[in-house]
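Since the structure comes first, as structure tokens, the remarks are kept for the end.
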Amino acid sequence: ASDTLVAVTGQTINSLDLHRTGTNRASYQVAINCYDRLITFGTKTLPDGSLSFDYSKLEPELAESWSVSDDGLTITFKLKPNAIFWDGSKVTAEDVKWSFDRAVSVGGFPSTQMKAGGLVRPDQFTAVDDETFVIALDRPSKLSLPDLAVPVPFIINSKVAKAQASAEDPWATEYLHTTPAGSGAYKVARWDPGQQLVYERFDGWTSGPLPKVRRIILREVPSPATRRALIERGDVHVSFDIPDKDAAELSEKVKVHSTPIANTIHVVGLNYDFEPFQDANVRKAVAYAIPYKEIFETAAYGRGAPLWGETEEIAGTEWPRKSPYVHDMEKAKELLAASAYPDGFEVPLSISTDLASWMEPTALLIQESLGKLGIKTEIEKIPGANWRTAVLVEKRLPLHLENFGGWLDTPDYYFFWAYLEGNLFNSSNYRNEEIEALTAETLHMAQDDPEYAPKIRRMFEIAMEDIPRIPLYQPALNVAINGADGYEFWFHRQLDIRTLTGAES
Amino acid sequence: MLSIKDLNIAFGTRRGIVNAVQGISVELANGERLGIVGESGSGKSVTAYALMRLLDKGGSIKAGEAVYRGIDLRRVAERDMRDIRGREISMIFQNPRAALNPIRKVGHQIEDVLRQHGRATRHDARVKAIEALEAVKIRDPEARYEAYPFELSGGMCQRVVIAIALACDPRLLIADEPTTGLDITTQKAVMDLVDGLVRARAMSSILITHDLGLASQYCDRIIVMKDGVIVEEGKPADLFADPQHAYTNKLVDATPRRGATIRSLLPISQRTPLEKRTIGNSPMLDVINLAKSFESKSGPVQAVKGVSFTIRCGESLGLVGESGCGKSTTASMIVRLLDATSGGIFYRGEDLAKLPSAGFARHPLRGKIQMVFQDATDSLNPRHTARQTIAEPLLRLGDLRGGKLRDRIDMLAGLTGLPQHLLDRFPHQLSGGQKARVGIARAIATDPELLVLDEPTAALDVSIQAVVLNLLADLRARLGMSYLFVSHDLNVVRLLCDRVVVMKEGKIVETGGVDAVMDSPCDPYTRELVSAAPQAPNRKLNA
Amino acid sequence: MARRSAAIAGRIAQAIPVVIGVVVISFLLTRALPGDPAVQFAGAAATPESIEEVRRSLGLDKPLPEQFVIYVGQLLEGDLGRSVSTGRPVATELAARLPASLELTLSALLLSCLIAVPLGVLAATRPGSLVDQFCRVLVTAGVSLPTFFTGIVLIYVFYYLLGIAPSPLGRLDFIYVDPPHVTGFFLIDAAFDADLETWLGALKQLILPAITLALFTLAPIARMTRAAMLAALSADYIRTARAAGLAPATVLYAYAFRNALLPVVTTLGMVFSFVLGANVLVEKVFAWPGIGSFAVEALVVSDYAAVQGFVLAMALLFVFLNLLIDLSYSVIDPRFGTSSK
Amino acid sequence: MSETALPPGSASPAGSLWKSLAHIAYVLRENPLTAVSFGMFAFFIGSALFGPALVPYDPLETNAAAALQPPSFSHWFGTDNVGRDVFSRVIVATRLDLIISVSAVALSFVVGSFAGAIAGYRGGWTDILLNRLLDTIMAFPLFVLAMGIVAALGNSVANIIYATAIINIPFYARLVRTEVNIRREAGFTQAAKLAGNSDTRVLAFHIFPNALPPMMVQVSLNLGWAVLNAAGLSFIGLGVRPPTPEWGIMVAEGANFIISGEWWLALFPGLWLMLAVFTFNLMGDGLRDIVDPRRRT
Ligand SMILES: Nc1ncnc2c1ncn2[C@@H]1O[C@H](COP(=O)(O)OP(=O)(O)OP(=O)(O)O)[C@@H](O)[C@H]1O
Ligand SMILES: Nc1ncnc2c1ncn2[C@@H]1O[C@H](COP(=O)(O)OP(=O)(O)OP(=O)(O)O)[C@@H](O)[C@H]1O
Ligand SMILES: [Mg+2]
Ligand SMILES: [Mg+2]
């Protein structure tokens with residue numbers, strides 16, 4: 001029946017509340033499908049005909065309209081007057097304020113993400129009247145509005161939530177963890193943790209065109225082999241986030257969407273704490289020793305976008321972009337010979353067990369190639385739980401694979417997280433005064449500012465010259481569809497079920 | 001009734017065909033009580049199993065015939081054979097406790113048989129089973145019906161086995177060593193019961209035993225088997241009076257009985273005069289008020305309740321009593337394998353009871369007090385050859401090495417009559433008598449002064465027992481050892497010992513010279529023991 | 001009877017130190033796990049401050065002994081704590097998942113017994129024969145393969161290629177509604193509900209994973225049955241029974257088999273603990289929402305409370321199982337609780 | 001062990017060696033399956049010793065151009081996802097897998113026997129303590145315990161061996177405990193004490209060797225389990241480190257390729273794994289017969 005779709009995923013949804021401490025990435029889709037934000041990004045059609053979000057366009061969701069003051073410090077939202085929560089009550093600015101207060105107060109990831117848009121304290125938010133909501137910024141930033149379109153600042157039915165809050169739990173995390181209270185397109189009909197999530201359409205949804213599918217069952221199937229069998233046999237309609245290999249092979253049998261993930265790069269990290277990597281020649285030698293094409297073929301099965309071998313001058317500000325490096329062992333040998341370590345050295349090459357599907361073949365190929373240079377590596381598989389601590393928090397892995405994707409699709413945002421000293425994704429302990437300064441200048445600068453592009457290009461140059469992170473390729477998010485349609489790619493890498501439709505037309 | 005002609009039974013084994021029974025012929029009349037006697041391995045049991053068609057895998061009747069009341073037992077269909085078993089021919093076995101299903105009520109086990117043969121229905125099975133229990137004179141059969149084998153004593157278990165065998169009124173009862181493993185007093189009671197029932201029901205019976213005395217007491221006719229053939233056949237009195245075959249002769253001689261001497265157990269050709277030995281006056285071992293209690297789940301068990309006796313140099317003391325009276329416990333304490341709860345063990349004036357048994361292995365006296373165990377098989381390490389076994393005390397307690405050690409082992413083997421070529425065999429490759437010799441050789445390896453013998457011949461055939469007893473007597477004389485000889489067989493004690501101590505329930509009830517105690521026992525318990533021992537008919541005067 | 005109850009009470013008393021041991025070991029083991037749960041649960045893009053905050057809220061900033069005291073205190077109040085990753089009380093989580101695992105495990109064991117025990121008996125009645133050798137090869141082959149491999153091959157053949165098996169999507173296909181919760185065992189609940197369709201649906205889902213696990217357990221059960229039967233068949237009481245003319249079937253079942261059952265029951269206990277371990281892998285392959293996959297997830301993200309709760313639940317289950325075995329022992333064996341046993 | 005108790009020059013060494021060989025030959029002839037398993041064992045030992053020298057390809061050498069090729073004449077077992085030759089990897093893995101299983105079993109054998117023997121011999125508190133400890137270990141679902149240990153210590157070969165050994169210890173300890181316990185009061189034990197052996201000697205040289213035959217069956221079963229255990233750990237990502245070839249990890253990784261049709265990735269290592277476990281299991285009975293002197297004649 002086309003009013004029910006079945007989707008499978010390998011991940012487990014561990015909470016229905018994104019703001020809760022410990023909520024995993026896979027659970028963010030509940031915030032997307034069950035809650036609304038004030039605004040959202042637009043949709044564009046990619047060259048291959050599939051749909052993708054459009055970072056350059058902001059569209060209303062709960063907000064009917066918004067305006068930014070001339071100094072850029074005040075944003076005023078007008079809410080849709082007819083927007084209602086699932087319980088029928090009206091969505092008011094008070095709800096928005098409560099939800100935003102919550103996002104900046106609960107700490108952890110939600111607060112960090114809010115901070116990226118300059119949203120830090122509850123006193124920045126004012127509910128002027130039922131339908132007017134005002135945000136006061138400390139300084140103007142091009143990131144503020146887009147940051148309201150990411151999954152985090154979702155609007156909760158504050159009346160319901162407050163009724164469940166208590167002194168120890170002022171933000172009702174206990175309650176919202178299992179019982180969403182939103183205004184989104186889908187309600188949660190049933191949640192069996194570790195098994196399935198059943199979405200049911202909310203027919204009173206006003207924030208967008210009413211979805212076509214009434215019920216969507218999301219099943220959790222850990223084994224990728226089983227997932228593949230299921231989608232191939234047509235017993236499920238959507239298989240979300242399938243391995244690159246399956247994507248490559250299944251595309252003949254079912255519809256497969258492979259979208260390069262915005263602002264995301266798979267890189268080889270060279271840690272400056274490890275002495276040999278302080279030598280620029282060593283870093284470059286490594287960059288030339290990497291068999292990019294083979295990695296792209298074996299680890300990604302050609303899905304995604306290559307990020308090596310740029311020959312032209314840096315012109316635009318598109319990011320991710322190709323590096324100037326190619327697989328050239330002669331050059332690599334020359335560079336290493338010129339370095340302080342002409343005979344090579346030994347270094348562990350660390351990967352995560354959780355991400356083994358791409359990291360392991362990549363690591364194997366790198367290991368072999370570096371071996372020819374005289375750099376002996378031992379592959380160290382770090383358990384998933386330990387991975388973040390080791391690579392990002394302690395930043396203690398000399399040679400490792402890493403991938404960071406920024407939700408806000410601007411290069412400065414990426415650089416902020418990945419190239420600034422001390423910031424989380426700078427797993428290389430890289431520090432460059434100029435990049436520090438440039439990032440600070442560009443982060444909040446409007447993209448059409450004439451100073452913007454040259455500064456960004458300078459950042460690119462330095463990053464490619466210093467090469468603390470060697471770009472490999474831009475990974476793709478693969479989704480197989482069998483007997484459904486309407487899939488749209490989102491930067492947050494979650495399944496947005498609102499656009500799905502039944503059998504292919 | 002039963003006629004066996006030229007029966008041949010063979011087993012296919014790893015080492016080829018074993019001809020267990022080679023052409024025996026037996027006739028059994030109605031109501032006759034036949035005894036089959038012979039040493040271990042002579043084919044007695046195999047014959048019985050063949051009649052019941054219960055031979056182990058690999059065993060089969062190769063030739064000859066066995067006809068029971070016109071039925072050819074060799075050819076009758078398995079289904080019909082099942083009707084014959086239990087209803088026509090029944091069998092009882094040694095080790096009664098193991099012969100009963102441990103997790104089934106004894107009453108039900110009897111019912112199984114009754115119902116199998118259509119002697120009872122579901123409704124009256126219980127009544128009939130209780131009747132069967134009554135028939136074997138079990139006290140309180142109603143209650144025993146509900147009992148499990150582990151709740152019954154060995155004697156009672158054997159009565160239940162008999163009840164099962166006789167439940168369906170078979171015409172022929174085969175009893176394969178029914179009293180082995182039972183107490184001497186229980187043995188008599190069981191045999192009397194079987195005999196009474198067989199006579200009362202006018203059944204035929206076959207009693208298989210290696211005890212000629214027992215057979216002669218309960219059988220009309222005796223067959224003597226050796227190596228799978230019948231060597232002699234006759235009435236008990238005749239057989240004893242005038243054995244024809246050399247083997248029978250040997251068997252008759254070897255049966256301990258009143259008036260026999262230790263040498264008279266041996267065939268005439270082997271009788272050499274006993275060496276003289278002297279019994280000193282000084283006490284070698286003084287046991288004073290020795291007591292032992294064990295902790296058990298249901299409180300302390302007083303196994304030995306204060307026994308005192310003395311063994312002089314060169315003297316042999318017998319320790320007799322029924323099973324469980326504390327003989328082995330006493331012996332273990334004396335050889336310092338067990339710590340006494342109280343009391344003293346004075347060995348040449350030194351109180352050994354004060355030395356903990358755990359460290360006694362390194363005490364200089366360790367080699368002086370040695371022991372020969374009840375069960376020769378159990379007392380030999382299955383992974384050690386005879387040579388290793390005998391070498392063990394020499395290596396641990398002495399300092400012989402190399403060629404000297406070899407010589408010493410050879411000497412000990414010679415002393416105990418163990419052929420050289422057997423020294424490199426493992427226990428399972430030795431016969432019972434050979435194992436007993438290894439055990440004795442090990443015990444005397446360190447020139448002990450006191451040898452404790454815990455029923456060293458209990459598991460042996462009479463003829464081998466005769467040899468071992470003589471060996472022990474010779475060794476005693478030659479090496480000047482003192483013995484503490486533990487046994488429940490008064491006839492044996494009498495042959496080897498100078499004095500005897502009778503124990504009952506952990507206490508000594510009577511002490512005295514062997515002859516005095518046995519001929520005129522004072523204590524009623526001693527009297528009972530003496531009368532329970534089977535008495536073989538007197539032998540024709542023989543040189 | 002009194003003796004039996006005393007013996008069983010004794011066994012329960014013996015279990016107490018085991019449970020204490022398990023509590024201590026599981027606490028230490030979780031703390032030895034390399035991952036830092038604070039980092040894990042602070043989520044992506046966490047700052048050092050937010051990590052510290054998470055650490056405080058999880059109570060992980062306190063010294064180990066204090067954490068242990070708090071943990072034990074909660075345990076004594078019957079509080080297993082809260083799983084950080086699922087956000088639900090561990091007890092709720094276990095209650096939801098344990099029946100799934102147990103249903104699978106027990107079905108597999110039942111299936112395995114139904115095959116292995118007769119095989120073992122058959123082999124024992126004809127030792128050394130072709131049948132015997134065949135059984136040996138068969139059961140050994142079963143135990144020679146990793147369960148996840150067998151599972152995937154079964155899915156490949158019966159679901160993917162042949163399409164006979166239902167989609168390996170957990171306990172019940174989504175076209176059915178879960179039966180009303182009574183025991184948590186779908187087969188039983190559906191039966192209570194007299195809902196044949198759901199019952200069949202649940203059964204269909206169960207078949208492949210149960211076979212996978214059963215294949216793995218054939219060997220120990222069949223081997224033990226064979227050995228025990230051989231021992232029983234050579235016992236003296238069998239000779240007595242045969243000499244009394246009892247029918248071969250009676251001898252085999254009422255006499256030999258019942259006695260052989262004792263060691264088999266003991267083996268079952270061991271096998272059970274084994275299967276619970278193997279469950280972890282099978283549940284992953286068949287998307288079975290059981291306790292094993294929960295434990296793996298918890299272990300991977302260093303979810304202390306969940307791991308501890310899981311281990312404790314398993315230990316209690318084990319203790320309970322042993323009691324059950326003792327009970328069945330006491331039913332089969334009248335000697336239970338006496339010194340002779 | 002019992003060798004030390006052997007008096008010098010008992011039987012000529014050549015003679016006893018010949019006898020042992022004859023005995024082994026007999027045991028093998030008696031049971032063809034056992035003979036087959038010994039033959040296969042010899043094959044595995046051969047692969048472990050000479051495999052790395054004989055295989056046609058470097059088991060670590062990748063070749064992206066030749067990835068995921070089905071079995072062919074040049075690649076008998078096909079190639080894997082980075083183009084390594086599966087045949088070479090399977091053969092080379094033999095050594096590591098044998099090392100893992102043999103050392104894990106040896107470790108649990110030694111520790112388990114030691115603890116079990118002492119507890120069985122001393123009885124009393126030692127025994128109670130050990131039993132509770134074993135119960136505690138057994139109360140963990142064993143595989144999960146192994147997972148926990150490897151997760152906590154890190155997934156090196158050594159740690160996989162330790163984890164496997166720890167979960168197997170209870171089996172040995174229990175077995176030895178019972179075997180020792182029933183022989184504690186046996187006649188030959190007492191006789192050994194009378195012959196001047198200290199308790200330690202009695203236990204080590206007289207009682208313990210007699211527990212060997214049933215232990216052999218356990219050993220062979222565990223050798224198989226050890227490999228399976230490593231495979232299971234690999235399946236959840238806790239196996240040995242890449243690129244080391246190991247059957248378990250190859251099956252575990254290959255398992256995900258079955259549905260997509262690259263069956264050879266899992267099948268061949270799986271087959272080898274199965275053959276090895278099979279060999280170990282079947283060998284058990286033969287080993288028991290060989291170490292059991294009662295089977296000698
Ligand atoms: N299953 C068997 N396989 C091979 N040989 C056997 C088997 N059973 C008995 N024998 C052989 O048959 C012969 C006779 O054995 P049987 O049991 O009849 O002796 P027995 O006279 O009853 O001795 P015992 O007094 O020790 O009971 C022995 O040599 C024995 O080795
Ligand atoms: N270790 C023990 N623990 C508890 N009770 C024991 C122990 N050893 C012996 N007993 C008990 O002590 C008593 C005497 O046993 P002992 O072995 O000395 O008898 P015995 O006279 O040698 O009998 P048998 O003729 O059967 O060998 C028996 O009731 C026995 O049950
Ligand atoms: Mg016999
Ligand atoms: Mg005794």
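Letters A, B, ... are given to chains in the order of the sequence lines, protein chains preceding strands, and every chain is numbered from 1.
- Cation-pi geometry between B:Arg126 and B:Tyr145 is met: the NZ or CZ atom falls under 6.0 Å from the ring centre, inside 45° of the normal.
- Neither the backbone nor the side chain of B:Ile92 comes within contact range of chain C; no heavy atoms are under 4.5 Å apart.
- Between the side chain of B:Thr209 and the backbone N or O of B:Glu177, no donor-acceptor pair lies under 3.5 Å.
- Proximity of B:Gln158 to B:Pro178: side-chain heavy atoms (C-beta onward) are separated by under 4.5 Å at one or more points.
- Qualifying side chain to side chain donor-acceptor pair (under 3.5 Å) partners for C:Thr105, counting only residues two or more places apart in sequence or in other chains: C:Asn279.
- Taking B:Ser90, B:Pro102, B:Gly86 one by one and counting their heavy-atom pairs under 4.5 Å with chain C, the maximum is reached by B:Pro102.
- Donor-acceptor pairing under 3.5 Å is recorded for the side chains of B:Asp124 and B:Thr121.
- The contact list for residues 105-116 of chain B toward chain C, using heavy atoms and a distance under 4.5 Å, reads B:Gln109, B:Asp112, B:Val113, B:Gln116 by residue number.
- Of the possible donor and acceptor atoms, none in the side chain of B:Asp72 sits under 3.5 Å from a partner among the backbone N and O of B:Val67.
- Proximity to chain C is limited to the backbone of B:Leu100, based on heavy atoms less than 4.5 angstrom apart.
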Just distance, no hydrogens or angles: give the donor-acceptor pairs under 3.5 Å from side chains in residues 110-128 of chain C, sequence neighbours left out.
{"residue": "C:Ser112", "atom": "OG", "partner": "C:Thr217", "partner atom": "OG1", "Å": "2.9"}
{"residue": "C:Thr125", "atom": "OG1", "partner": "C:Val121", "partner atom": "O", "Å": "3.3"}
{"residue": "C:Thr125", "atom": "OG1", "partner": "C:Leu122", "partner atom": "O", "Å": "2.7"}

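- Listed by sequence position, C:Asp236, C:Tyr237, C:Arg239, C:Thr240, C:Arg242, C:Ala243, C:Ala244, C:Gly245, C:Leu246 are the residues of residues 231-246 of chain C in contact with chain B, using a 4.5 angstrom heavy-atom cutoff.
- A salt bridge does not link B:Lys44 with B:Asp176: every distance from a Lys NZ or Arg NE/NH1/NH2 to an Asp or Glu carboxylate oxygen is 4.0 Å or more.
- If you take CZ on C:Phe185 and CZ on C:Phe192, they are separated by 11.5 Å, rounding to the nearest 0.5 Å.
- Using a 4.5 Å heavy-atom threshold, the side chains of B:Val127 and B:Ile130 count as separate.
- Using a 4.5 Å cut-off between heavy atoms, B:Ala99 touches chain C through backbone and side chain atoms alike.
- Here the side chains of C:Phe257 and C:Leu252 are not in contact, with every heavy-atom distance at 4.5 Å or above.
- With respect to B:Glu134 and B:Arg144, no salt bridge is recorded, no charged nitrogen being found less than 4.0 Å from a carboxylate O.
- With respect to chain C, the highest number of heavy-atom pairs below 4.5 Å among B:Leu54, B:Ile89, B:Ile103 belongs to B:Ile103.
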